[in-house]
Amino acid sequence: MKHFVTLALLIAIALVGCRTEQSDQSIKDAPDMTSYKEPFRPQYHFTPESGWMNDPNGLVYHDGVYHLFYQFYPHATVWGPMHWGHATSTDMIHWEHRPIALFPDQSGLIFSGSAVVDTHNTSGFGKDGIAPLVAVFTYHNMEGEKTGSNDFQTQGIAYSLDNGISWTKYEGNPVLPNNGIRDLRDPKVFWHEESKSWIMALVAGDHAKFYRSINLKQWDNISDFGFEQGAHGGVWECPDLFPLKVKGTDEEKWVLIISIGGGGPNGGSGTQYFVGDFDGTTFTSDQQTFKWLDWGTDNYAGVTYNQVPNGDRIFIGWMNNWQYALATPASTWRSAMTLPRKLTLEKHGDTYLLNNYPLEEVNLLASAPRSEHIDLESGQAQSLILEGLNQKKIAFKAPNADFKITFSNELGEQVGLIYDKASQLLMLDRTQSGHTDFNYEFGNKLHYMVVNEVKEEFLVELYLDWSSLETFINGGQYAMTQLLFPSQPFNRLTFKNLSQEKILFHAIEISTMKSTW
Ligand code: FRU
């Protein structure tokens, strides 16, 4: 995984030519190829208009606007020389595309990073009282990588005085050179009020490094974390560090999010987190083992917004997995972001758990729900017909007993969610979900999520959007995100009782979600 970038680029170059043919094959039944109506195009998730997208970058709120920058290759639907694409929103649901913010240059490609509003003009980039937006990113130098050296990733900055439309790269780049660490990237910078300084979290292969600066230009390494803690099945990427109050208390803890390029809970990419303390210099956590922010295969490289006015912690992830990201069925664009999710922290016994749950604004898109309840004898099943589009929110209270619910269509394609009480696992089966053969790993096994704290019944909320399903249990206590590529909309939802008892699914609510495009 360490060398996936080189690998990805080589594959990208090889695929640019032949990909079109394969994609044409997989979309031959395309009903409509006009923009935002193409097959598999999510209708209430962010997708680029065209081209390739991966990680969310530079998430920052400024003057009533949420900025979403992202890893972008505009010239093909596979990974290539990275730019920062840009979109803006006032609610994180409806997005407007903006001009490309950052282009690769002689110092390298523009890899992932963050953005801040430099309110006090510590950088000196501000002019005429305008606070600059400052982007902090990784330069990835392809030439350097080819020569076999390890110092080809450095950190650079750029600023904008017009709300992110035009950018000037700092002539003193790189602001953080590299002394020979192979994977040194993805700076997340935030203002730390107590120490009146900027803090940068950076990853360095198998651990995180923290730096401090007073002007965003000179950085000092202040501490390191994680050589021996958490999951190490792949290279560490896309760190994020932020404080959160523990729900219902005044206790404040710090959360460190780390994406790992391999060894995720169901294979490939995954997002883990640590809960601990940060004293302005050092992050400590007594957590030895890993915790997953999302159990699905398709929520990667997620980070949170800087400077949200009410202090909410809002997370967006890239809905994909490096195992097969370059091969998913695509037409003119490839990859979507997760729904924006609010992060909250809860303490269960001695353990801190990070919840993630779609923003309330998402539900404003839902039509008035159709309500149902279903009683089932042991072994019995009942189906509901799903009318209309493949963009649904489905909620219900599930019994703590063995069951399966299945989305299916006329072609026999189906996606199942299976709950097994004895093992306390909720499993997702996409093995027959439609297009699965573009990559062996995509549809070869059940995905599991450990839901070991559910009581006698639990709330299940499903957000289906043409080519993705996001599952939330008990308001975000457990979450999993999966891509799916059915050839036709799922028009049937079947509830089946796999237990020995009579069971009841109640408060079933089915809504169609409005398109945001
Ligand atoms: C994560 C990542 C980052 C890197 C970027 C390159 O998906 O590998 O570590 O900056 O993608 O596009």
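Note that these values count all heavy atoms, side chains included, but never hydrogens, waters or copies made by symmetry. Whatever order the structure lists ligands and atoms in, that order sets their numbers, starting from 1.
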- Query: What atoms of ligand 1 come within less than 4.0 Å of a heavy atom belonging to W79?
  - Reply: 6 (C), 12 (O)
- Query: S112 heavy atoms, cut-off 4.0 Å: which ligand 1 atoms fall inside?
  - Reply: 5 (C), 10 (O)
- Item | For R185, the ligand 1 atoms whose distance to one of its heavy atoms is below 4.0 Å | 3 (C), 4 (C), 9 (O), 10 (O)
- Kindly indicate, with the supporting measurements, whether the criterion side-chain contact (heavy atoms from CB on, under 4.5 Å) is fulfilled by Y478 and F472. CA-CA 6 Å; Y478 305 102; F472 299 93; over 6 Å; no
- Task: Using a strict 4.0 Å cut-off to heavy atoms of M82, name the atoms of ligand 1 that fall inside it.
- Result: 12 (O)
- Looking at I110, D183, N57, D55, the heavy atom closest to atom 11 (O) of ligand 1 belongs to D55
- Task: Would you please indicate if the ring centroids of F190 and F242 are separated by under 6.0 Å?
- Result: no
- Message: Just to be sure I read this right, does ligand 1 sit under 4.0 Å from the backbone of V203, its side chain, both, or neither, counting only heavy atoms?
- Response: neither
- Item | Numbering as shown, the atoms of ligand 1 that approach Q71 to under 4.0 Å (heavy-atom distance) | 5 (C), 6 (C), 12 (O)
- Message: Please give me the minimum heavy-atom distance between D294 and P265, naming the atom from each residue.
- Response: O-CG, 3.9 Å
- Task: Heavy-atom contacts with F111 under 4.0 Å: which atoms of ligand 1 show up? List them by number with element.
- Result: 4 (C), 6 (C), 10 (O)
- Message: If the condition is side chain to side chain donor-acceptor pair (under 3.5 Å), which residues does H83 pass it with, not counting sequence neighbours?
- Response: none
- For ligand 1, is there an atom lying under 4.0 Å from some heavy atom of D186? yes
- Message: So, using side chain to side chain donor-acceptor pair (under 3.5 Å) as the criterion, who are the partners of S335 when residues are at least two apart?
- Response: W318, N320
- Item | Nearest heavy-atom neighbours spanning D465 and Q43 | OD1-N, 2.7 Å
- Anything under 30° is parallel, anything over 60° is perpendicular, the rest tilted; go ahead and classify F210 against F283. tilted
- Is the shortest N/O to N/O distance between W318 and ligand 1 below 3.5 Å? no
- Query: What do you reckon, does Y300 have a nitrogen or oxygen under 3.5 Å from a nitrogen or oxygen of ligand 1?
  - Reply: no
- Message: Quick check: W219 with Y211 (ring centres under 6.0 Å apart)?
- Response: no
